[in-house]
**Q** 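Take this structure, written in structure tokens, and hold onto it; I'll ask about it next.
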Number of protein chains: 2
Amino acid sequence: MQTVRATYEIETALDVETVAATIANEQSSGTFVKVARETAELRERYAARVAGIDELEPSGLPPLPGASGDWAHARRARVMVDFPLHNMGPSIPNLLAAVAGNLFDLREVGALRLVDLDLPQAFAERYPGPQFGVRGTRELTGRPSGALLGTIVKPSIGLSVADLADLVGELAEAGIDFIKDDELNGNPPDAPLAARVAAVMPVLKASADRHGRMPMYAFNITDDISRLEANHDLVRDAGGTAVMVCVATLGLAGVEHLRRRCELPIHGHRTMFGAFSRSPQLGIDFLAFQKLARLCGVDHLHTNGIHNKFYESDAQVLRSIAAVRTPLFGGYETLPVLSSGQSAALAHETYAAVGTTDILVMAGGGIHGHPMGSAAGVRSMREAWDAAVAGEPLHDRAAKVPELAAALDLFAGRPPGAAQS
Amino acid sequence: MQTVRATYEIETALDVETVAATIANEQSSGTFVKVARETAELRERYAARVAGIDELEPSGLPPLPGASGDWAHARRARVMVDFPLHNMGPSIPNLLAAVAGNLFDLREVGALRLVDLDLPQAFAERYPGPQFGVRGTRELTGRPSGALLGTIVKPSIGLSVADLADLVGELAEAGIDFIKDDELNGNPPDAPLAARVAAVMPVLKASADRHGRMPMYAFNITDDISRLEANHDLVRDAGGTAVMVCVATLGLAGVEHLRRRCELPIHGHRTMFGAFSRSPQLGIDFLAFQKLARLCGVDHLHTNGIHNKFYESDAQVLRSIAAVRTPLFGGYETLPVLSSGQSAALAHETYAAVGTTDILVMAGGGIHGHPMGSAAGVRSMREAWDAAVAGEPLHDRAAKVPELAAALDLFAGRPPGAAQS
């Protein structure tokens, strides 16, 4: 029998074994009151089963509201539950109802977090996943090796399309690999997607004609689902090479729907993910989320970068990057996107920590805030990464490259998040 | 200028006014590093603005991970921020990126919750909302007055379609108004939607022929978005009168997409909502969520009922019911669904608290767990509600109605959640 294994971290003032059984029961065939037609055969075939319980140190945190029992005796545990696949079939929305449905609401727990999912092969058969991944992105950007370097258009919102075209031209000339719209910049009336595409694509093409390679521009096509197809076609017809969507605001099912007829890499932004992940006591961990996002077809997925301006520790960020790089069903290759607070100053430390250049490093402020301008910002990043991979100390390279020296003057040694994106 | 007002509850160890400005800045035109092309005119037109700050008592809770500053000095506040509508246009996915995007991740806050949204008229123009609401549901069920009474098929998963047909027949004969699939029961291979529809509809129609009214059965059609249309059509073509979707697992955008071509009432289940709402320090409050769900077109929306088995207090539940009943843009009539732990024992208390019968009260265990069977469970609920509305004490009615007496024996006076659904 194929099963889905869901791993939770729970904390409870009740008996851990009983609560684990309640979780399995609540989310499969069980009801609390004995009801008619609930036979032993039915339970045998449809019950979810507790596959393991590993005791953890208590968190020391107060419980979430409504938790039963005396919290002074709280116990924390990692609980593995196996759900029969035939309870839900290989359907992500229906999977979520089982593994992440009403569980969060149970009084029996004062904390419950879905930390991982192990899915059976049937999900790979239903969901083809990323079409382009790392290799496809390298091909489309003409950057066969080295870290892929990108930026977010800033200001986030309000740039005129003429200014946008100028900025893109400057970045393309500077040899950037990737540019994206901000997640705030979907289809605002003053710079609608159609106008952005019309302004940006000729500039990119002109640059491609001169240099033989065209940066990938991920147009933010996030919108109502009925508009995604037309938005995608607009980008494709203009010769664009990527679309971006906000995975959490659109919904995983929305991303999957786009993927079915998408002909371009999907750049997956994770904005709003924090709403169900920042509390260690609740929600869904990135480890589980990224697997679902990859199944739904994202070619790129934001992981944050080290020393970022947001709440995550470097250890968490590195774990996220490693998770996205871990094959799923032997494939589902998705490019991790390191963003927020990134700059040339972090290249060596990042490379030492991730051990690969199969990443997309995005800098907003780290490029646009460069004192010599955006093009100098790009050069500073490229030189820093080149030095990191070559094993050349950052300051040795900076001594030869004024743009890098200027970037280090501004960004190095500043507190985490100082080079804001 | 049309604006969206987002109301947050935040807690921070930094200066509240500065953090409020950071929130407005981060989610509109601002960047932390001064960048080229960010003119005063641009900021004037695109900046979000702090519209008010009301200090609140500190929560006494430790901060979420990664919060800056010395938490001993934490201050809590309600912060209102106005976003120009022209930053996002009336698009729910793009709205969410602005009002609920990266904010949850900011180090500047140790708690941040989106508690309410006030949306401009443009959203009403784009999103038509519920098609049936309370009145349409009353018409379709032939129940012009009194509380609508419903149940969830139990066991949640694993019932054969033959047993399902039996159960539905029993419930229909007992005069139930509404039946729904469990949220776990989407399209499992052993009882796929098509087989459930084929088994249930003839039973409902036979009952309608005898009694002149047909209970509404909300088939759970939740699945990948590309399957929703066929699922809906299957139900409609068989003469079904409702479909159910899990709003949070499908995503608001998925619900909105279904609404565009839906010809039946949409029963909106809120499973997984707890993942971003149970922590008082994080996520999105039901007040904001229900507005978006109604814009997306749900005709019914789960609010839980009092004394339910989940974490919410009765005060929270009553606030949720009131929120769903509050007109939005003067309309967007959605029927609140009171579920979980409901039974005949709660009719008087519920009626006294909500002051209306424009609700759908759903009992699982409270009906299927009735000692005289499901039909007796339905009768006990109907009699209890009839007595409540007539101002007749519960125990007076129970003295005349054995099914109600039996229900009270089993369910009354038990701790919250004892009559589990």
Side-chain angles (χ1 to χ4, degrees), chain A residues 29 31-33 35 37-38 42 46 64-66 86-87 89 91 93-94 96-98 100-102 104-105 107 154-155 157-159 163 183-184 186-190 222-226 246 249-251 253-254 256-257 260 271-272 274-276 278-279 282-284 310-311 365 368-369 420, chain B residues 29 31-33 35 37-38 42 46 64-66 86-87 89 91 93-94 96-98 100-102 104-105 107 154-155 157-159 163 183-184 186-190 222-226 246 249-251 253-254 256-257 260 271-272 274-276 278-279 282-284 310-311 365 368-369 420:
Chain A
S29 61
T31 44
F32 289 63
V33 181
V35 301
R37 304 179 180 83
E38 187 193 340
L42 187 151
Y46 298 97
L64 293 175
H86 61 234
N87 282 19
S91 158
N94 289 325
L96 287 172
N102 293 344
F104 303 107
D105 297 358
R107 288 178 192 273
K154 295 283 174 185
I157 188 94
L159 204 58
D163 274 355
E183 77 276 6
L184 296 173
N187 205 7
D190 291 354
T222 307
D223 209 332
D224 293 331
I225 287 170
S226 59
C246 298
T249 70
L250 188 57
E256 192 274 335
H257 188 64
R260 288 180 177 268
T271 198
M272 200 172 89
F276 49 91
R278 184 168 178 181
S279 168
L282 187 65
I284 301 176
F310 295 123
Y311 75 92
H368 304 298
Q420 303 294 354
Chain B
S29 61
T31 44
F32 290 62
V33 180
V35 301
R37 304 178 179 86
E38 184 193 341
L42 186 150
Y46 297 97
L64 292 174
H86 60 234
N87 282 20
S91 158
N94 289 324
L96 286 172
N102 293 345
F104 303 107
D105 297 357
R107 288 179 190 274
K154 295 283 173 185
I157 188 98
L159 204 57
D163 275 354
E183 78 276 7
L184 296 172
N187 205 6
D190 291 353
T222 307
D223 210 333
D224 293 331
I225 286 170
S226 59
C246 298
T249 70
L250 187 59
E256 191 273 335
H257 188 63
R260 287 179 179 269
T271 200
M272 201 172 91
F276 48 92
R278 183 167 177 182
S279 168
L282 187 65
I284 301 177
F310 295 124
Y311 75 91
H368 305 298
Q420 304 293 355

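Quick caveat, the model's predicted, so the values are computed rather than measured. Atoms considered below: every heavy atom in the structure, side chains included; atoms not considered: hydrogens, waters and symmetry mates. Proteins get letters first, then strands, A, B, ... in listed order; numbering begins at 1 in each.
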**Q** Please flag which part of B/H86 lies under 4.5 Å from any non-hydrogen atom of chain A: side chain, backbone, both or neither.
**A**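 Contact with chain A is through both the backbone and side chain of B/H86.
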
**Q** Check step by step if side-chain contact (heavy atoms from CB on, under 4.5 Å) holds for A/H257 and B/H257.
**A** CA-CA 11 Å; A/H257 188 64; B/H257 188 63; 4.2 Å; yes

**Q** Under 3.5 Å, is there a donor-acceptor pair between the side chain of B/R107 and the main chain of A/F310?
**A** yes

**Q** Measuring from atom CZ of B/F276 to atom CZ of A/F104, what distance do you get when rounded to the nearest 0.5 angstrom?
**A** 10.0 Å

**Q** So which of A/G251, A/S91, A/G186 has the largest heavy-atom pair count under 4.5 angstrom toward chain B?
**A** A/S91

**Q** Give, as side chain, backbone, both or neither, the part of B/R260 having an atom under 4.5 angstrom from any heavy atom of chain A.
**A**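 Just the side chain, heavy atoms under 4.5 Å.
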
**Q** Under 4.5 Å, counting heavy-atom pairs only, tell me which of A/S226, A/S279, A/G158 racks up the most with chain B.
**A**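 Looking at each option in turn, the highest pair count goes to A/G158.
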
**Q** With respect to chain B, which residue among A/I284, A/L96, A/D224, A/L282 yields the maximal number of heavy-atom pairs within a distance under 4.5 Å?
**A** A/D224

**Q** I'd like to know which of A/G254, A/C246, A/P189 tops the heavy-atom pair count under 4.5 Å against chain B.
**A** A/P189

**Q** Are B/L159 and A/R37 close enough that some pair of their side-chain heavy atoms sits under 4.5 Å apart?
**A**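 In contact.
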
**Q** If I measure from the heavy atoms of chain B, does A/L64 come under 4.5 Å with its side chain, its backbone, both, or neither?
**A**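 When you check distances to chain B, atoms from both the backbone and side chain of A/L64 fall under 4.5 Å.
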
**Q** Counting heavy-atom pairs under 4.5 Å to chain B, which of A/N87, A/T222, A/N187 comes out on top?
**A** A/N87

**Q** Go through the atoms of B/E183 and report whether side chain, backbone, both or neither lie under 4.5 Å from a heavy atom of chain A.
**A**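 Looking at B/E183, backbone and side chain both touch chain A.
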
**Q** Mind ranking A/A98, A/G89, A/A97 by heavy-atom pairs under 4.5 Å with chain B and telling me who comes out on top?
**A**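 If we count pairs closer than 4.5 Å to chain B, A/A97 comes out on top.
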
**Q** If the condition is side-chain contact (heavy atoms from CB on, under 4.5 Å), which residues does B/A253 pass it with, not counting sequence neighbours?
**A** A/I225, A/L250, B/P93

**Q** As an exercise: rank B/D190, B/T249, B/D163, B/D105 by heavy-atom pairs under 4.5 Å with chain A and give me the winner.
**A**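 Ranked by contacts with chain A, first place is B/D105.
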
